[in-house]
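Whatever order the structure lists ligands and atoms in, that order sets their numbers, starting from 1.
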Amino acid sequence: MLDIKMQLSTTPKEKPDQTKLGFGIYYTDNMFVMDYTEGKGWHDARIVPYAPISLDPAAMVFHYAQESFEGLKAYRTPDGSIQLFRANKNAERMQNTNKRMCIPALPVDDFVQACKTLVEVEKDWVPSQEGTSLYLRPFVIATEPHLGVRPSSTYSFIIIASPVGAYYESGLNPVKIFVEDEYVRATPGGTGFTKCGGNYAGSLASQVKAHDLGYEQVLWLDGVEHKYVEEVGSMNCFFKIDGVVYTAPCVGTVLPGVTRMSCIELLEKWGYKVCTDRLPIADVVKASKEGKLEEVFGTGTAAVISPVGELRYEDDVCVINNNKIGEVTQRLYDEITSIQWGKKEDHMGWTIKVC
Ligand SMILES: *Cc1c(COP(=O)(O)O)cnc(C)c1O
């Protein structure tokens, strides 16, 4: 158990309008901070006022991007209590990221305790409007001032919290996706399976290109052959073809999403066949031409489930389910959001009560 010192803000901010929260615009009054020093381990867990942090310009995170992050949410249930969704899975994933980034491990229980404690302190910031939540962004940065390339000897683990709105203000509208065949996101042996900032910096050029062409997101293909589908932007991707649900295997180049894992567990429980073999983009296009591409959707904490209405790959444009949300996509969305917001009994054991 961490001994978390409370040095809370004495000047609370005004809470934003719950109908205009957006995503990642507002931050709560306080944040969690804990430091690491080589030889001493993690120390000085504390909750302090949300404020800019002061770092030496030579801090290693600025130069060699030694950092990791996570994303999860706290949900307000109908009885007014607050819960997290599978936070232990985020903690385990951060351990895997840290290992790959040569960042010291953070015990799973400490990660979960830190999230719960910050949410409890900021409980008045957890919104109650339909579809809203308190997004948590835990991250670790290398803080040692040093310009040589090697792992830092000091780090900070910080959690900030942001009240966020319903991802889809106008309902679950299908998105248009551009299949990227030039840039790649991840390669075998690389960092694709981690949530590290560098993965996203490298993806921006492709995102800008897709936006310029009128597409909202990018679907990545594998980095070696540019042949197999991997994932979408910051979401995992599922394809329902002729009754079978496909999603890319998490074998190093794909981020193992907590939402992905939850969808697979539900689909299998409902009796669907889920295939996690590699799926060639050519098979997706072929299925579309034969009328067998029934549903496509992305999964991630921010949007939960995002239906895909159109896929463009080179000169082929596939319109999916007449640009409407599919049956399985809707069922997964309804089931997962009901559990997250406590509208339905959690028979999966996924929720963690905060207060
Ligand atoms: C965070 C993320 C996901 C989704 O993971 P969840 O745990 O479901 O939020 C998928 N792909 C990438 C690249 C991500 O960064």
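Here Tyr200 pairs with Phe69 under the ring pair (Phe, Tyr, Trp, His ring centres under 6.0 Å) rule; sequence neighbours left out.
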Side-chain polar contacts of residues 107-117 - donor-acceptor pairs under 3.5 angstrom, sequence neighbours left out - could you list them?
residue : atom : partner : partner atom : Å
Gln113  : OE1  : Leu2    : N            : 2.8
Gln113  : NE2  : Leu2    : O            : 3.0
Thr117  : OG1  : Gln113  : O            : 2.6

Donor-acceptor pairs under 3.5 angstrom involving side-chain atoms of residues 322-332: please list them, not counting sequence neighbours.
residue : atom : partner : partner atom : Å
Thr329  : OG1  : Glu295  : OE1          : 2.6
Gln330  : NE2  : Asp334  : OD1          : 3.1

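Residue Asp315 places its CG atom among 12 or fewer non-hydrogen atoms of other residues, nucleotides or ligands, all under 6.0 Å distant.
Taking the six-membered ring for Trp and the full ring otherwise, Phe297 and Phe238 have centroids separated by under 6.0 Å.
When each of Ile158, Ile53, Val33 is checked for a side-chain contact (heavy atoms from CB on, under 4.5 Å) with Val48, only Val33 meets the rule.
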Pairs of nitrogen or oxygen atoms, one from ligand 1 and one from the protein, closer than 3.5 Å: please tabulate them with distances.
residue  : atom   : partner : partner atom : Å
ligand 1 : 7 (O)  : Arg93   : NH1          : 2.8
ligand 1 : 7 (O)  : Arg93   : NH2          : 3.2
ligand 1 : 7 (O)  : Val258  : N            : 2.8
ligand 1 : 8 (O)  : Val258  : N            : 3.3
ligand 1 : 8 (O)  : Thr259  : N            : 2.9
ligand 1 : 8 (O)  : Thr259  : OG1          : 2.6
ligand 1 : 9 (O)  : Thr301  : N            : 2.8
ligand 1 : 9 (O)  : Thr301  : OG1          : 2.6
ligand 1 : 11 (N) : Glu231  : OE1          : 2.5
ligand 1 : 15 (O) : Lys195  : NZ           : 2.7
ligand 1 : 15 (O) : Tyr200  : OH           : 2.3

